[in-house]
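Note sheet for the following structure.
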Amino acid sequence: VQLQASGGGLVQAAGSLRLSCAPSRRAFSIYRMGWFRQAPGKAREFVATIKWSDGTTYYADAVKGRFTLSRDNAKNMVYLQMNNLKPEDTAVFYCAATRVPGVIRSGYEYWGQGTEVTVSS
């Protein structure tokens with residue numbers, strides 16, 4: 001499974017961005033898709049995940065209430081809507097996928113290339 005992420009950019013604090021991720025094959029083989037981010041000098045961290053079958057989502061505490069993860073089965077896409085962005089959200093964002101039930105915050109097998117998000121103060 002190859003993943004294509006897009007939508008990053010430069011935005012001012014309190015602004016919004018929407019990231020998109022498209023798997024290369026139909027999502028019937030995917031159990032869950034997630035987003036992670038890596039800020040400069042920091043380890044990669046979990047942001048959000050969605051179960052493909054029923055849309056159940058989980059979020060990191062740092063983004064709850066600001067980020068919304070959704071999927072479009074017809075378009076085979078996932079979207080990470082990011083609102084009220086803060087400078088500390090600045091990072092390279094990666095989408096990931098797993099076919100393994102039970103994987104939620106780590107252990108994803110498939111990764112896309114990163115898309116950079118920069119939030120200016």
Side-chain angles (χ1 to χ4, degrees):
V1 178
Q2 293 182 331
L3 304 172
Q4 183 69 39
S6 60
L10 173 64
V11 64
Q12 290 187 330
S16 299
L17 280 175
R18 188 178 78 160
L19 305 183
S20 302
C21 183
S24 60
R25 64 175 61 176
R26 292 301 300 177
F28 66 87
S29 66
I30 294 174
Y31 179 77
R32 185 181 292 281
M33 292 190 69
W35 285 93
F36 293 75
R37 66 186 181 185
Q38 187 167 19
K42 295 187 177 181
R44 187 170 60 193
E45 63 177 3
F46 166 78
V47 174
T49 184
I50 187 165
K51 187 177 177 183
W52 196 266
S53 61
D54 63 10
T56 303
T57 54
Y58 294 97
Y59 297 93
D61 288 343
V63 306
K64 278 181 183 176
R66 300 188 298 122
F67 291 10
T68 302
L69 183 55
S70 62
R71 87 248 192 265
D72 185 327
N73 287 352
K75 295 183 178 180
N76 204 42
M77 296 278 289
V78 293
Y79 303 101
L80 183 66
Q81 178 66 43
M82 306 186 295
N83 298 328
N84 191 23
L85 283 161
K86 304 175 181 180
E88 51 264 42
D89 293 317
T90 294
V92 178
F93 282 69
Y94 299 89
C95 67
T98 180
R99 294 187 292 177
V100 180
V103 169
I104 297 178
R105 295 174 183 265
S106 63
Y108 288 71
E109 309 95 276
Y110 307 102
W111 292 84
Q113 89 292 356
T115 185
E116 191 165 359
V117 172
T118 302
V119 184
S120 62
S121 57

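Reckoned from all heavy atoms, side chains included, excluding hydrogens, waters and symmetry mates.
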What I'd like to find out is whether the side chain of [X] reaches to under 4.5 Å of the side chain of [Y], using heavy atoms alone.
X	Y	value
R32	I50	no
M33	P23	yes
T49	Y59	no
L80	F93	yes
C95	L3	yes

Which heavy atom in M82 sits nearest to a heavy atom in V117, and how many Å separate them?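 Minimum heavy-atom separation between M82 and V117: CE-CG2, 3.9 Å.
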Report yes or no: is the cationic atom of R99 (NZ for Lys, CZ for Arg) closer than 6.0 Å to the six-membered ring centre of W52, at no more than 45° off its axis?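 Checked: cation-pi criterion not met.
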If you group Ile, Leu, Val, Met, Phe, Trp and Tyr by side-chain heavy-atom gaps below 4.5 Å, do [X] and [Y] land in one group?
X	Y	answer
V100	Y110	no
M77	W35	no
V47	V119	yes

N/O donor-acceptor pair under 3.5 Å between Q113 side chain and A5 backbone: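 Looks like yes, one N/O pair under 3.5 Å.
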When you measure from the side chain of R44 to the backbone N and O of Q38, does any donor-acceptor pair fall under 3.5 Å?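 No, the answer is negative, given that no donor and acceptor are paired below the 3.5 Å cut-off.
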Taking it one step at a time, do R37 and E45 satisfy side chain to side chain contact (heavy atoms under 4.5 Å, CB included)? CA-CA 5 Å; R37 66 186 181 185; E45 63 177 3; 2.6 Å; yes
CA sep, side-chain torsions, deciding dist, call: Y58, L69, side chain to side chain contact (heavy atoms under 4.5 Å, CB included): CA-CA 9 Å; Y58 294 97; L69 183 55; over 6 Å; no
Please report the C-alpha distance between Y79 and D72 in whole Å, then the side-chain angles of each, then the deciding distance to 0.1 Å, and finally whether the side chain to side chain contact (heavy atoms under 4.5 Å, CB included) criterion is met. CA-CA 8 Å; Y79 303 101; D72 185 327; 3.9 Å; yes
Between CD1 of I30 and NZ of K51, what distance do you get to the nearest 0.5 Å?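 So the gap between those two atoms works out to 14.5 Å.
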Worked check of side chain to side chain contact (heavy atoms under 4.5 Å, CB included) between E88 and T90: CA-CA 5 Å; E88 51 264 42; T90 294; over 6 Å; no
Check: residues 9-19 side-chain donor-acceptor pairs under 3.5 Å, at least two apart:
{"unit_1": "S16", "atom_1": "OG", "unit_2": "N83", "atom_2": "OD1", "d": "2.9"}

Considering only NZ, NE, NH1 and NH2 on the basic side and carboxylate oxygens on the acidic side, decide whether D89 and K86 come within less than 4.0 Å.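 Salt bridge absent between D89 and K86.
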Specify whether F36 and Y108 have parallel, tilted or perpendicular ring planes, treating 30° as the upper limit for parallel and 60° as the lower limit for perpendicular.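 Aromatic pair F36/Y108 classed perpendicular.
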